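Everything numeric in this text was worked out from a predicted model, so none of it was measured.
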Number of protein chains: 2
Amino acid sequence: MNIYDVSRQAGVSIATVSRVLNGNAKVSEATRQKVLKVMEEMGYTPNVFARGLGLNTMQTVGIMCADSSDSYLATAIYYLEQELRNYDYDVLLCCTGYEWENRKKYMELLLSKRVDAVILAGSNFVEQTREKNRYIAEAAEKIPVVVLNGYLEAENVYCALCDDADALYRVTKTYLNAGKRDILFLGRSLSYSGVRKRSGFLQAYEEMGLKCRKNQIIIQDGTIDEIRDLLIGRAKQGIREEVIVTADDELAIGAVKYAKSLGIQIPGDLEVVGYNNSKLGLCCEPELTSVDNKLEYSCMNVVNVLMKVFHHGRVPARTMISADLAVRGTTSINFLGGF
Amino acid sequence: MNIYDVSRQAGVSIATVSRVLNGNAKVSEATRQKVLKVMEEMGYTPNVFARGLGLNTMQTVGIMCADSSDSYLATAIYYLEQELRNYDYDVLLCCTGYEWENRKKYMELLLSKRVDAVILAGSNFVEQTREKNRYIAEAAEKIPVVVLNGYLEAENVYCALCDDADALYRVTKTYLNAGKRDILFLGRSLSYSGVRKRSGFLQAYEEMGLKCRKNQIIIQDGTIDEIRDLLIGRAKQGIREEVIVTADDELAIGAVKYAKSLGIQIPGDLEVVGYNNSKLGLCCEPELTSVDNKLEYSCMNVVNVLMKVFHHGRVPARTMISADLAVRGTTSINFLGGF
DNA sequence: TTACACAATGTAAACGCTTACACTTTTCTT
DNA sequence: AAGAAAAGTGTAAGCGTTTACATTGTGTAA
């Protein structure tokens, strides 16, 4: 069943039916209702392919992420999907894994499906070298690209950021102000936000005129248990700390588990701060204090930017929000001044 | 740039270009190479809309789930996406929330986008009444529908199941055989797999000729903390148990947290068994023993079924696998006989 | 009354592919 | 060597929309 069937049944031309369908051109209210009624009765659904051919859009946005099963990314995808649906856009999902070499291919795949825009979820999409990011800039020549929590400078690329540097700066500063000196920063290998987090950590030390030892920074990709074991190994060499600040909740949970297995009291002997305020943090005992980067808000922001771009509005290439802190059981310090 | 540009440049007809594109009809190797080279040089990408119009497919599968941020569903989506991509299918994601009234609408949305099939991820898609499932059966009249871990009887609906009843039966039986009697079943409100899990639990009691008290079964939708508080309240009324078996890991973690907050030793005083073997279970201390319903395997199975259906192969309407058990710190019993 | 603006509708040409059918050339049979 | 079968290619008719342009009708100002 197609537009001809409807037009015949309604006694109008296909142009009129099409106009009713799109609602942008003039149609008298009487015919409008008549056509609508016929569509309803016949159970007519326009063919998206034909529609796509004509309009060159299928109201679809591609979301690229490394791994949609990752708690943080899964949450982002959920918020993005919900928000996009409010504007009648569908989501084409694309998981690239962590090797950037694949990503060009996946991006081309999305482009070939003629998505209206691409959202890159997660800062691990932005690499250190311009060369590695070229595929993003190239894509952005054709359609809008929005990076969620990653920074990239290129025409037609918009970034929705959380000020990760500042968040880590404030957490660290609070501890330094309280007289703590042995603070460990636990991060992942260097994504954009990873770099920013570390620099916020370092800035706090610098500002106090304090030296930060090399072994106060650990960059480690690995599972919770690997993190735990790493820290246990370290402790056995006699390296202990009073505070561990991290770049994500899994790292923090690894730290909590390390403490538990050595009988170190949390938050008595050791305070731990996670990042992302994910559900994982509610699973451990005590519950994790964690930086809340307001993911839902950022996701809504991303979609907002997109909609404005679609409607030819002016949009700043980069928006930045401040993080909150969800204070729970793994800390006892008073953050009120800093957060 | 379109197929005409390519055909002109290559000095062949558009039919030949199309044939090269689709690779199903006869083209001499020489022309094939020539056309391929021109495409490469021009950076030609076929227009999916036009292609869709002709072929009436866009190589896309819809995945419906209640909430893609849920750890279990997020993992399922990931595996499904990866496997589908192996066959050059893309994923259109659709999160419906938990109210079944919305689902008809979302299903129609997917159908209107002309997906080649729909995968329903999670048993909460299958309701108790036939009426509520009608929208699924209706969709299945048009395209194949596969339910992941849910059971539905209808033409063109395929189910990839894990034998949840058997898993809970075996766990429960093991404890009963060991002389434990106070076992609590903690489930969610009745989805298909929820019902099956409970019936497996009950079957174990029945088979031993034992009575199962009403308060040995709790059906509770809620967060980890709500579960914990519920159990604490129960304990204060003097109701204690030796074992808690659950329908998902969040419930189990709620149980672990309840035990911790009352100083109940795990696994000394209380054993806890989760379900789904999700990442959450690795976050708590001790780590959660959890039924492994082999999600990755099931997902591959779902995609396999789909591919066979697409190629007009005969496929059983329902496939069932057995669960494993990931034994970790919250149990001390020996499951070897049962698993 | 004429001329004109404007609203409502129709006609027909894209949009970029696939593929049935027709045609030509090559290869195989006997 | 003739005829049949197979291989390779082209022509043209869809697929179901959108939309520029043409047409008709209707109210309004001169």
Residues in side-chain hydrogen bond (donor to acceptor under 3.5 Å, both in side chains) with Glu40(A), at least two apart? none
Separation of atom CG in Asp5(A) from atom C1' in dC15(D), rounded to whole Å: 13 Å
Interatomic distance where OH belongs to Tyr44(B) and P belongs to dG16(C) [whole Å]: 10 Å
How close or far is atom P of dT11(D) from atom CD1 of Ile3(B), stated in whole angstroms? 14 Å
Spell out protein contact along nucleotides 10-15 of chain C as letters: B when the base is contacted, S when just the sugar-phosphate is, - when no protein heavy atom is under 4.0 Å; keep the 5' to 3' order. BBB--B
Please determine if Arg32(B) and Glu29(B) form a salt bridge, counting it only when a charged side-chain N lies under 4.0 Å from a carboxylate O. yes
I'd like to know whether the aromatic ring centres of Tyr106(B) and Tyr135(B) sit less than 6.0 Å apart in this structure. no
Touch class at under 4.0 angstrom, heavy-atom based, for Asn56(A) against every strand present: nothing
Separation of dC15(D) C1' from Phe49(A) CZ (nearest whole Å): 11 Å
Contacts table for residues 46-57 of chain A: side-chain donor-acceptor under 3.5 angstrom, sequence neighbours left out:
from	atom 1	to	atom 2	distance (Å)
Asn47(A)	OD1	Phe49(A)	N	2.7
Asn47(A)	OD1	Ala50(A)	N	3.1
Arg51(A)	NH2	Asn22(A)	OD1	2.9
Thr57(A)	OG1	Gln59(A)	N	3.0
Thr57(A)	OG1	Asp116(A)	OD1	2.8
Thr57(A)	OG1	Asp116(A)	OD2	2.9

Rounded to the nearest angstrom, tell me the gap between atom CZ in Arg8(A) and atom P in dG16(D). 12 Å
By nearest heavy atom, map Arg114(B) and Ser28(B) onto DNA chain D; which one lands nearer the 5' end? Ser28(B)
Qualifying salt bridge (Lys or Arg N to Asp or Glu O under 4.0 Å) pairs, either residue in residues 65-82 of chain B, two or more places apart: Glu81(B)-Arg85(B)
Winner on side-chain proximity to Val27(B), out of dT19(D), dT9(D), dT17(D), is dT9(D)
Are any of the side-chain nitrogens in Glu101(B) or Lys132(B) under 4.0 Å away from the carboxylate oxygens of its partner? no
Please tell me whether Asn293(A) and Ser298(A) have a donor and an acceptor in their side chains that are separated by less than 3.5 angstrom. no
Asn22(A) has an atom CG; how far is it from atom P of dA20(D), in whole Å? 12 Å
Counting just side-chain N and O atoms, does Arg51(A) come under 4.0 Å of either OP1 or OP2 of dT18(D)? yes
So, does Thr31(A) get its side chain near the phosphate of dA8(C), meaning an N or O under 4.0 Å from OP1 or OP2? no
Less than 3.5 Å apart, which donor and acceptor atoms pair up between the side chains of residues 148-156 of chain A and the rest of the protein, not counting sequence neighbours?
from	atom 1	to	atom 2	distance (Å)
Asn149(A)	OD1	Cys162(A)	N	3.2
Asn149(A)	ND2	Tyr72(A)	OH	2.6
Tyr151(A)	OH	Glu153(A)	OE1	2.7
Tyr151(A)	OH	Arg318(A)	NH1	3.1
Asn156(A)	ND2	Ala140(A)	O	2.7

Could you state the atom-to-atom distance from CD of Glu29(A) to P of dT9(C) in whole Å? 11 Å
Tell me what Val48(B) touches on the nucleic acid: a base, only sugar-phosphate, or nothing, going by heavy atoms under 4.0 Å. nothing
Can you give one letter per nucleotide of nucleotides 22-29 of chain C, 5' to 3': B if a protein heavy atom sits under 4.0 Å from the base, S if only from the sugar-phosphate, - if neither? --------
Do you know which two heavy atoms are closest between Pro144(B) and Phe310(B), and how far apart they sit? CG-CE2, 4.0 Å
Roughly, in whole Å, what's the span from CG in Asn24(B) to C1' in dA20(C)? 13 Å
